[in-house]
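Worksheet: the structure to be examined is printed underneath.
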2 protein chains.
Amino acid sequence: MTDAFDDLAAGLAGLAAPRAIDPGVLATLLSRVRRRDVARGEHLCRQGEPVDSLFFVRTGLLRYYYLADGVEHTGQFFDAGMLIGDVFAMTGGDVALQNIDALEASELLVVPMAALHSAYAADHAMERFGRRLIEIGMIGSQRRTAALLQLSPEQRYERFVASRPEVARRVPLYLVASYLGITPEGLSRIRRRRVQG
Amino acid sequence: MTDAFDDLAAGLAGLAAPRAIDPGVLATLLSRVRRRDVARGEHLCRQGEPVDSLFFVRTGLLRYYYLADGVEHTGQFFDAGMLIGDVFAMTGGDVALQNIDALEASELLVVPMAALHSAYAADHAMERFGRRLIEIGMIGSQRRTAALLQLSPEQRYERFVASRPEVARRVPLYLVASYLGITPEGLSRIRRRRVQG
DNA sequence: GTCGCTTCTTAACCCGGGTCAAGGCGGGCG
DNA sequence: CGCCCGCCTTGACCCGGGTTAAGAAGCGAC
């Protein structure tokens, strides 16, 4: 499982690295991490159903989305190096509020929530690390809210392409539309305007 | 400062109460909490400026908002019993990304971030409590994102009134509009439709 | 009382994106 | 090879909310 640690450590290097975490606690946590390969289209969880893990994306691309009267609304995309999980389910909610599926064949590391909670309980520094992770996610979530409030669909599209060009290339446009909160037809028109005007 | 503790404890009772937190650590934290009364319209922080505290709302009503080319977009309202603070500034970002102001004359408890971080460092259970707080905020933020993605302004208004009737009564409509992501005129039309039919 | 400010509403016009319906295109599979 | 299906685009029409401009109601200050 050393390679799992390397990937996780590398992926999380941008955050305050887990320096002070007790090596034994970390080893125990990592020993419970499993690899999992998922095919494009495969679901890791569905809203209303119980989940017991969160996922580290080693390669590939995933998203979480909400389903409202037949329409999918994409919350966020996750590519290599990111952690994806249902926060509600992770914090005692037991069932997921979101759906998570793979947009490409992906290679994941599966972190059992029970193992994570054990690690939190066993080591203060680990708990702190978890707090930082959520805080960073919270800032991203608030930024997304701000974007939805203050930008037009067209501006959101430009900003999305500018900030995540890699993801924008790999994701089909109808999913980009569902992330921007518009229809595929709407996005198509926006793109045409950009080429012509 | 006992009354400060009571209020905080009562306000946070809905969360996993801070039972296991070391009494000494808690006492030290609470000893550094100060009361502050703010007038309607007063700002607690502005985007781009440093902040060093977060706030517990004892009475009154506040909000945070973003300013984009002269237009205010309200992120969330906070009334009695809630904690309000700029997460980015609270996590090493140093300056605020948000503006916070009082919509009514309010009575606050001011928690210095330095004191909070000391308490986090001093006690594992306190750190965990902080993690839970952020997690709960994160779930709320994701719910808000989902609402903006999948509901029309009209639906968002209905849902807002249904879920926070107290706040809806106390907040001027032009601020409700800025929370819903529409203009006061737009909200006015929505309300008229609802009355007529 | 009245001046002035804030808040809310109304009306007219505009426009972006939703909706519906149709068609194009490329790639996988039989 | 040819078919089908997933993905994308286009066009026509509609409609909600933005924009602009104006005015009404409430209310505090003087």
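Note on naming: letters A, B, ... go to the chains in the order of the sequence lines (proteins, then strands), and numbering restarts at 1 for each one.
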field: Separation of B:Asn99 CG from B:Glu49 CD (nearest 0.5 Å)
entry: 8.5 Å

query: Checking all strands, does B:Leu187 fall into the base, sugar-phosphate, or nothing category for heavy-atom contacts under 4.0 angstrom?
result: nothing

- prompt: Around A:Arg170, counting heavy atoms of other residues, nucleotides and ligands shown, do more than 12 lie under 6.0 Å from its CZ?
  reply: yes

- prompt: D:dG6 P sits how many Å from A:Glu104 CD, rounded?
  reply: 19 Å

message: Should the side chain of B:Arg189 and the base of D:dG18 be counted as holding a donor-acceptor pair, with the cut-off at 3.5 Å?
response: yes

- prompt: Side chain of A:Ile182: nearest nucleotide among C:dT9, C:dT6, C:dG18?
  reply: C:dG18

task: Measure from CZ on A:Arg194 to P on D:dC8 and round the result to the nearest Å.
output: 17 Å

message: Taking any heavy-atom pair under 4.0 Å as a contact, classify A:Arg156: base, sugar-phosphate, or nothing.
response: nothing

query: To the nearest Å, how far apart are A:Glu154 CD and C:dG18 P?
result: 13 Å

- request: Starting from P on C:dC8, measure out to CG on B:Leu173 and report it in whole angstrom.
  value: 4 Å

statement: Whichever of A:Glu185 and A:Pro153 has the more 5' nearest nucleotide on DNA chain C, that residue is A:Pro153

message: Measure CG/B:Leu175 against C1'/C:dT6 and give the value in whole Å, please.
response: 12 Å

task: State whether the number of non-hydrogen atoms from other residues, nucleotides or ligands found under 6.0 Å of B:Arg164 atom CZ is greater than 12.
output: yes

task: Give a yes or no on whether a salt bridge exists between B:Glu154 and B:Arg194, defined as a side-chain N under 4.0 angstrom from a carboxylate O.
output: no

query: Starting at CD1 of A:Ile190 and ending at P of C:dG16, how long is that distance when rounded to a whole Å?
result: 10 Å

field: Phosphate-side-chain proximity, A:Arg192 and D:dT10, N/O vs OP1/OP2 below 4.0 Å
entry: yes

task: Give B:Gly181 one of three labels, base, sugar-phosphate or nothing, depending on what nucleic acid heavy atoms sit under 4.0 Å from its own.
output: sugar-phosphate

message: If you compare every side-chain N and O of B:Thr183 against the phosphate oxygens of D:dG18 (OP1, OP2), does one of them come in below 4.0 Å?
response: yes

statement: B:Arg36 and B:His43 have their tightest heavy-atom pair at NH2-O, 4.1 Å

- prompt: Can a side chain N or O of A:Arg193 be found less than 4.0 Å away from OP1 or OP2 on C:dG16?
  reply: no

query: Given atom CZ of B:Arg40 and atom P of D:dG28, what is their separation to the nearest angstrom?
result: 11 Å

query: Expressed in angstrom and rounded to an integer, what is the separation of B:Leu103 atom CG from C:dT6 atom C1'?
result: 15 Å

